[in-house]
Amino acid sequence: MPLICFASPKGGVGKTTLCANIATLLQRHGHRVLAIDFDPQNALRLHLGVPLDYEPGFVSGLAQGTDWRETMVETAGGVLLLPYGAADMRAALGVTQALDQSPALLAAPLQEMLADPTLVVLADLPPGPSTALHILAGMAQTVLVVLLADAASAALLPRLAAGEYFGRGTVAALRNARVQVVLNQVEAEDPLSAAVLGCADQALGIRLIGAVARDRRVPRALAERQPLAALAGEEAETSPALEDMRVLAAALLASLPAPRPQGAAEAGQRFQVVS
Ligand SMILES: Nc1ncnc2c1ncn2[C@@H]1O[C@H](COP(=O)(O)OP(=O)(O)O)[C@@H](O)[C@H]1O
Ligand SMILES: [Mg+2]
């Protein structure tokens, strides 16, 4: 099943926030969703209700050959998660080095996950170029590049509009064709924000797959360790960011196969419910 990567040349733009929320929304549409955290910040788990002191992880276990099923957790909302794992700087650099030397450490388990016809796999990447993105790019159905509606992001638009996110050449062209852009933290009332959105629309055309409003409920949801998409009642109905995320999820759903009926977890998969 498909792999959707959340990437960006920049940090702090909302990759992790969008990954957690789109995972939750796709899951609510009936898909079985596996979200993988490739950022040593190990923060994706916090958006999905996994406690701060939960340390096991998929990426940090790769170099030791830990089976990915052992580190998969079922989060409170039902999204399956492979956390990065607790790792200090030396350990994170060790993981990068191990993947540089042996890309199959990551490529092999990913191939297994993608061979599961019931799974949609979402990957939350660290900012900028990374070994993980380099390995995943060839397997991805979509690479969602997240930017902000600000001047620094606007400066990156020409390269994206030229279709050169992964560089030039025949292989990069294949990968560039899978790039779509989301502008996050858009403030319709702010002239600069609106101008950047307008520029992105003109420069990117259909590559601009969505825009998400700046909304105080987003950081508040993180403080409560749940995705915005878990909001209910009036809060959910009045959240412009949640509305935009639903529109983005619908655009992504259109390119996914229909959800398959979900049976019990396959034998050998050990789930751990984290509340
Ligand atoms: N639409 C939004 N409105 C308001 N705050 C947001 C929005 N999207 C993300 N944020 C906040 O921006 C910060 C960075 O988001 P994060 O998802 O961690 O970015 P990244 O993964 O790209 O580093 C977080 O504090 C998050 O709560
Ligand atoms: Mg992040």
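Nothing fancy with the numbering, it's 1 onward along the sequence. All figures in this text were calculated on a predicted structure; none of them were measured in a lab. Computed from heavy atoms alone, side chains included, the values below leave out hydrogens, waters and symmetry copies. Order of listing sets the numbers, starting from 1, for every ligand and every atom in it.
Among Thr131, Asp39, Thr96, the one residue that satisfies the side chain to side chain contact (heavy atoms under 4.5 Å, CB included) test with Pro126 is Asp39.
At least one donor-acceptor pair under 3.5 Å links the side chain of Asn42 to the backbone N or O of Tyr84. The backbone N or O of Leu99 sits nowhere less than 3.5 Å from a side-chain atom of Ser102 that would complete a donor-acceptor pair. Put simply, the side chain of Arg32 never gets that close to the backbone of Leu80: no donor and acceptor are under 3.5 Å apart.
Within a 4.0 Å radius of atom 11 (C) of ligand 1, the protein contributes one or more non-hydrogen atoms. Inside a 4.0 Å radius of atom 24 (C) of ligand 1 there is not any protein heavy atom.
Residue contacts with ligand 1 include Ala213, since one of its heavy atoms falls under 4.0 Å from the ligand. Heavy-atom distances between Ser8 and ligand 1 stay at or above 4.0 Å for every pair.
Of the options Arg217, Arg216, Gln185, the smallest heavy-atom separation from atom 6 (C) of ligand 1 is shown by Gln185. Looking at Lys15, Lys10, Gln41, it is Lys15 that brings a heavy atom closest to atom 20 (P) of ligand 1.
In summary, an N, O or S atom of Thr16 is located under 2.8 Å from the Mg ion (ligand 2).
Both Val143 and Leu114 are assigned to one and the same hydrophobic cluster, defined by single-linkage of ILVMFWY side chains at heavy-atom distances under 4.5 Å.
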